[in-house]
Protein chains: 2
Amino acid sequence: MTGIDDVARAAGVSAATVSRALSGRGRISDATRARVRAAAADLGYVVSAAASALATGRASNVGVVVPLLDRWFFANVLDGIASRLASEGYDMTLYSMSDDRAQRDGVLDTSLRRGRVDGLIVLSVTLADDEVDRMLALELPVVGLSATTSRFPALRVDELAVARAATEHLLGLGHRRIAHIGAGYAGDPGLDIPSLRRHGFASAMADAGIPDAPFAAADFTIEGGHRAALALLERDDPPTAIFAASDEIAFGALFAARDRGLDVPGDLSVVGVDGHEMGDFFGLTTVAQFPHEQGERAADAVLAAIDGRDEIGDLAFRLVERTSTSAPRGGLAEVAGRPSP
Amino acid sequence: MTGIDDVARAAGVSAATVSRALSGRGRISDATRARVRAAAADLGYVVSAAASALATGRASNVGVVVPLLDRWFFANVLDGIASRLASEGYDMTLYSMSDDRAQRDGVLDTSLRRGRVDGLIVLSVTLADDEVDRMLALELPVVGLSATTSRFPALRVDELAVARAATEHLLGLGHRRIAHIGAGYAGDPGLDIPSLRRHGFASAMADAGIPDAPFAAADFTIEGGHRAALALLERDDPPTAIFAASDEIAFGALFAARDRGLDVPGDLSVVGVDGHEMGDFFGLTTVAQFPHEQGERAADAVLAAIDGRDEIGDLAFRLVERTSTSAPRGGLAEVAGRPSP
DNA sequence: CTGAAAGCGCTTACAG
DNA sequence: CTGAAAGCGCTTACAG
């Protein structure tokens with residue numbers, strides 16, 4: 001491999017000067033800098049990551065702690081992180097935290113302690129308190145993305161507002177019998193996403209004068225949504241609209257409507273959350289989140305944190321109206337300028 | 001940060017001995033080894049990646065070159081790679097090769113040349129010849145996964161056999177009017193996956209005495225499959241079965257059948273390829289591949305290559321029969337023991 | 001089996 | 001603006 005001395009020789013300067021020319025740090029004449037850079041490009045020389053890291057204490061590498069690495073959403077987040085990091089000259093190494101105890105310990109107690117990274121992005125992994133302790137003990141800048149703990153800074157979307165946006169969209173169309181499919185109150189109700197969405201739904205409904213809006217529990221899958229929606233549709237007063245806590249749940253609800261011979265949106269309106277890549281095909285109205293952009297934001301935030309700056313803030317979302325929602329059949333939709341009684 | 005000298009002091013030995021005890025290399029008494037390891041565990045000491053890499057020339061890190069990091073399949077492959085690598089003490093850093101020219105150059109000419117990795121796994125990125133040149137110039141062990149070049153070793157599934165399995169499943173059920181939806185002949189027909197699948201289909205049909213089986217082109221999406229299937233179903237002699245080159249295409253075909261009021265599998269059988277996570281919900285018969293296992297195999301293969309060994313071989317696939325395929329209505333299915341005329 | 005010492009390839013005060 | 005030299009934290013022949 002060609003090293004710094006080869007470049008120094010080719011450019012007729014010392015290794016120190018090569019280092020300065022390439023890193024941009026320290027004063028150096030424009031002429032020498034140009035000569036050195038040309039020589040380096042010529043020889044295809046690139047600074048060794050290990051030597052540079054050892055000498056400076058900076059690894060130019062960011063770790064990303066991910067849950068089961070197999071969800072559509074996370075893959076998109078990763079892509080966003082990677083693209084932003086790359087443009088700043090950082091690499092990205094992945095640490096996957098599954099449910100396997102030994103594996104998690106390995107990540108926290110060994111992998112992450114090797115000093116390979118300058119900072120950490122933690123995607124929404126659910127961490128036990130002692131795991132957070134160990135992560136903080138690393139003394140590394142940490143940025144969470146929808147983290148389920150508040151012990152390190154995290155980018156979040158305002159999930160209460162997300163749920164309100166979906167619910168108010170339905171209310172605005174004239175629906176009153178609106179049901180929610182999601183998960184029950186699980187972890188910290190102030191941070192747990194399913195809890196926040198359910199809470200946002202309930203409070204939007206209450207504000208509209210509908211205190212006990214129906215709820216059905218489901219895990220975040222098509223199957224779960226399908227089953228829950230079927231149950232909801234069998235009630236004596238079936239809902240005219242469903243707010244599903246995720247797009248996959250919503251897909252399940254859409255299938256349930258077809259199975260029951262219901263027209264969407266004529267008989268049943270459905271709105272989801274996520275912006276799933278298949279949503280367009282299903283014509284699903286949804287509150288889209290932007291995983292790729294979230295990844296970029298997270299990358300910017302760690303880089304800022306590594307730099308001692310703070311770039312924590314709220315993440316965007318947007319209601320995307322498609323064909324799965326409309327006014328209820330025979331419903332009294334509010335018409336602009338003619339307020340309902 | 002606690003360093004090797006702290007451990008040496010605590011254990012009452014030299015740094016050299018600590019290094020030997022922790023790495024397992026070099027002779028050392030059982031007693032000292034135990035004492036050193038205890039001291040290290042006590043202090044939470046872990047060898048610095050940078051220092052170790054610089055001293056040994058080994059980074060204990062594998063690079064994974066990935067295409068647009070946003071497909072379900074790749075996410076699963078990555079998960080497989082990560083889990084296997086982690087258990088061998090290796091980290092995994094990702095290099096994403098999008099369509100952006102500058103970004104690809106950055107990966108090939110800079111990131112990968114930093115010496116951060118001991119080996120490379122290349123997921124099915126389509127590489128230009130000069131890009132392959134530059135990758136080989138790295139002089140790193142490289143293992144491809146379904147690579148579109150034969151200039152480095154790669155793990156592959158026998159795509160001809162995959163297509164035959166799907167087609168023969170349909171033929172065995174008694175279908176004769178079988179259509180294929182896939183992509184046209186694109187790259188190297190001997191390596192390009194869509195081409196191989198189409199070719200496998202055509203040859204299985206030809207072997208069954210059906211030379212010019214219908215084909216419709218589509219990109220590998222639900223929309224593409226939907227459109228192509230609709231076209232196929234409008235023919236004078238619509239197919240009784242469709243072999244789709246991917247599960248997403250197959251989903252599109254399933255939707256097309258519903259749109260046309262066709263019963264699946266009564267009026268139309270559909271078989272896909274992939275083992276998509278939603279396949280079960282759709283009841284889709286498919287030729288499943290195993291992305292997680294593929295990832296593990298790829299990890300094993302680079303590790304072997306780093307070690308100078310060869311572990312290249314074929315990847316598994318399996319026909320998974322669900323409810324989207326059956327004998328054609330009124331078709332003359334072969335009955336066991338009663339061969340058809 | 002164990003230690004002292006050189007060396008891995010850079011970076012950065014320190015001089016000049 | 002530029003160079004000589006020490007140092008980053010390990011590993012590994014070389015002695016003993």
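By convention in this document, chain letters (A, B, ...) are assigned in the order of the sequence lines, proteins followed by strands, and residues within each chain are numbered from 1. Heavy-atom basis, side chains included; hydrogens, waters and symmetry copies ignored.
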Q.
Partner lookup for C/dA13, please. Criteria are Watson-Crick or G-U wobble with both distances under 3.5 angstrom; report none if nothing qualifies.
A. none
Q: Scan every strand shown for a Watson-Crick or G-U wobble partner of D/dA4, both distances under 3.5 Å, and answer none if you come up empty.
A: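 Result: none.
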Q. Closest nucleotide of DNA chain C for B/I28 versus for A/S23: which of these residues is on the 5' side?
A.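 The residue closer to the strand's 5' end, by nearest nucleotide, is B/I28.
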Rounded off to whole Å, could you give me the [atom1]-to-[atom2] distance for the [X] and [N] pair?
{"X": "B/I4", "N": "D/dT12", "atom1": "CD1", "atom2": "C1'", "value": "12 Å"}
{"X": "A/D6", "N": "C/dC8", "atom1": "CG", "atom2": "P", "value": "13 Å"}
{"X": "B/R116", "N": "C/dG9", "atom1": "CZ", "atom2": "P", "value": "17 Å"}
{"X": "A/R27", "N": "C/dT11", "atom1": "CZ", "atom2": "P", "value": "18 Å"}
{"X": "A/R58", "N": "C/dC10", "atom1": "CZ", "atom2": "P", "value": "15 Å"}
{"X": "B/R35", "N": "C/dT2", "atom1": "CZ", "atom2": "C1'", "value": "11 Å"}
{"X": "A/D5", "N": "D/dA4", "atom1": "CG", "atom2": "C1'", "value": "13 Å"}

Q: Measure from the side chain of A/A55, starting at C-beta and using heavy atoms only, and say which of D/dT11, C/dG9, C/dT12 lies closest.
A: C/dG9
Q) Taking the side chain of A/L54 as its heavy atoms from C-beta onward, which of D/dT12, D/dG9, C/dT11 lies nearest to it? A) D/dG9
Answer with base, sugar-phosphate or nothing: what part of the nucleic acid does [X] contact at a heavy-atom distance below 4.0 Å?
{"X": "B/T32", "result": "sugar-phosphate"}
{"X": "B/V18", "result": "nothing"}
{"X": "A/R33", "result": "nothing"}
{"X": "A/R114", "result": "nothing"}
{"X": "A/R25", "result": "sugar-phosphate"}

Between [Y] and [X], is there a salt bridge with N-O shorter than 4.0 Å?
{"X": "B/R101", "Y": "B/D105", "value": "yes"}
{"X": "B/R134", "Y": "B/D130", "value": "yes"}
{"X": "A/D109", "Y": "A/R113", "value": "no"}
{"X": "A/R156", "Y": "A/D314", "value": "no"}
{"X": "A/R297", "Y": "A/D300", "value": "no"}

Can you see if the side chain of [X] gets near the phosphate of [N] - specifically, an N or O under 4.0 Å from OP1 or OP2?
{"X": "A/S52", "N": "C/dT11", "value": "yes"}
{"X": "A/T56", "N": "C/dT11", "value": "no"}
{"X": "B/S29", "N": "C/dT2", "value": "yes"}

Q.
Judged by each residue's nearest nucleotide on DNA chain D, which is more toward the 5′ side, B/A51 or B/R20?
A.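 Taking each residue's closest nucleotide, the earlier one in sequence belongs to B/A51.
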